[in-house]
Amino acid sequence: MRRLPLDDPGTADVRSPGRFLWWMAKGQWHTLVLGMCFGIVWMSSQAVMPAVIGRAIDRGVAAKDGHALLEYAGLMLLIGIVQAVSGIMRHRMAVTNWLTSAYRTVQLVARQTVHLGGTLPRKVSTGEVVAIGTNDLSSIGQVMDVSARFSGAVVSFVLVAVILLGTSVPLGLLVLIGVPVLMLLIAPLLRPLQARSAHQRHLMGELSNTATDIVGGLRVLRGIGGEQVFHDRYRRESQTTRRAGVEVARVQSVLDALQVFLPGLFVVVVVWLGARYAVQGRITPGELVAFYGYAAFLMMPLRTATEYANKLIRGRVAARRVCRVLALTPDHLDPAEPSPAPPLGAVLADARTGLVVRPGLLTAVVSDLPDEAAALADRLGLCAAEVDDDVTLGDVPLTSLARDDVRRRIVVSDTGATLFSGRLRDRLDVSGSGAVDAALTTAATEDILEALPDGFDSIVAERGRTFSGGQRQRLVLARALAVDPEVLVLVEPTSAVDAHTEARIASRLRAHRAGRTTVVVSSSPLVLDAVDEVVFLSGGQVAAVGTYADLLATRPDFRAVVTRETEVPA
């Protein structure tokens, strides 16, 4: 798909659904204006057709003038051609507007997702983001789609009213007054429709979130026998969502019925008055036929107007959900004046724990509190929910550096990392460096590639669900190694693989990362025995630093953590 040009919406634009829709419209005003122009020509052509037919009857058929009848027939043919061409172009512009707005919404949300990084899952659920991509973008696109027909409906309504006023003032006034009255009769239904639609949209997001959790943890659920529990939960939530949808449908059905009944009633009144005027001789038979044509035509702009109101309501509900995501801010913003980046090979340190990572070494971090080690890894990469000046790179706090500099130089791959769907080569070589072959060898993925029928060109399913847990972990490790950053932080990179595979990975990792800084958060003896230096955290503080053998011999508390002893020797 061609990347569409995007400008940053202002603060007010991402907080107000109405302003967001206006901002979206401004971004594609060229196609919107073209669609409106074609919509106006299309409906106006239909609006004047009854007048031409009426003249043909009066001046051609009634007057028995074959030449005049031929002229009006030719005029009707010309109007029909204009109507057909403008209708085709209007439809093309409508589809273009729908696709443009929908994909601009996708790009905005995707860019915001990248901007937020690890902040996103802490502030909004996965189901909420999924619902935007499956439901909300369609509602926003429909607002842009119907705008062309709505503009044509307004202009054609005015055009018909002017023609009727020129023919019969009472009938013209009936149209000018009656149509707004019909709209006012429908207006009371719009507010409850908006409220119920918003409630249904919220429940749909919650249901999508539940479904995502179930799919993501299906294997675990099967292992502990929890399928039925989550099945019952999903069933309850889906029924709640269904009932909310029924409530929306009730209001929607009344609105749809009124869209047919009220314009139909209006047509009956106009035709009845026109027939009385024809009997009284106040209008000609041709004008009576024209009035009937106008009355039938007016159903289209009336229904288009109510459709526009309906879709605008749904679009505002969808825009409100999009605005909620766009209004989120990352836990850490770029400083107003970023500090100069330290030179390559700078020391990475954490003042809170006392950790000092010497450049160019493979360092392992072992903690008696696993959560503390994971939190430390997040802080080292500026990924934690709470950021401070404790972590420094070459005596420069990470919070003082531009986020892009930190992300480029320090990469954190934790246990929550997953694979996106798409071609395997593209999913692993995310930086485009082409250095993925060596990374795959280090991550011991030879058996995975051999089992794939298309090798590197195989398609990865969503979240890599076709791979086992150990295979996904090795592919994620290969992806992190292929990026080849200055500092790489790996959190439990071998926790899901067997001992033989873990030993191969541990023996290859040091050579692969030679000359660059690597931090591995792990308590695996196979990994610890292959690193340059081991840092032991006790109670959230650095308690000892040394080789694996030295700490194993001199630190009983370290040995208890590594060997899973239940009691620490005295």
Hey, could you give me the [atom1]/[atom2] distance between [X] and [Y], rounded to the nearest 0.5 Å?
| X | Y | atom1 | atom2 | answer |
| --- | --- | --- | --- | --- |
| S101 | Q142 | OG | CD | 9.5 Å |
| D389 | S400 | CG | OG | 5.5 Å |
| L32 | S147 | CG | OG | 4.5 Å |
| T563 | L552 | OG1 | CG | 7.5 Å |

Decide yes or no for [X] and [Y]: does some side-chain heavy atom of the first lie under 4.5 Å from some side-chain heavy atom of the second?
| X | Y | answer |
| --- | --- | --- |
| P485 | R513 | yes |
| V561 | F536 | yes |
| T518 | H512 | no |
| T363 | D532 | no |
| L428 | L440 | yes |
| T547 | E533 | no |
| V534 | V545 | no |
| V322 | L108 | no |

> Side chains of T100 and N97: donor-acceptor distance under 3.5 Å anywhere?
Replying inline: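 No - no donor-acceptor pair under 3.5 Å links their side chains.
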> How about R236 and Q239: does a side-chain donor come under 3.5 Å of a side-chain acceptor?
Replying inline: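 Looking only at side-chain atoms, Q239 and R236 do not form any donor-acceptor pair under 3.5 Å.
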> How far apart are the closest heavy atoms of L116 and P330, and which atoms are they?
Replying inline: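 Between these two residues, the closest heavy atoms are CD2-N, 3.5 Å.
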>> Could you walk me through whether D350 and T353 satisfy the side chain to side chain donor-acceptor pair (under 3.5 Å) test, starting with their C-alpha distance in whole Å, then the side-chain angles of each, then the deciding distance to 0.1 Å, before giving a yes or no?
In response: CA-CA 6 Å; D350 176 43; T353 60; 2.7 Å; yes
How about [atom1] on [X], more than 12 heavy atoms from neighbouring residues, nucleotides or ligands closer than 6.0 Å, or not?
| X | atom1 | result |
| --- | --- | --- |
| R352 | CZ | yes |
| R92 | CZ | no |
| D395 | CG | no |

> Is D404 salt-bridged to R407, cutoff N-O under 4.0 Å?
Replying inline: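 No salt bridge links D404 with R407.
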>> Whether R316 engages the ring of W22 as a cation-pi pair (distance to the six-membered ring centre under 6.0 angstrom, angle to the ring normal within 45°) should be assessed.
In response: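 Checked: cation-pi criterion not met.
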> In this structure, which one of R508, R504, R474 forms a salt bridge (Lys or Arg N to Asp or Glu O under 4.0 Å) with E446?
Replying inline: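 Testing each of R508, R504, R474 against E446, the sole residue satisfying salt bridge (Lys or Arg N to Asp or Glu O under 4.0 Å) is R508.
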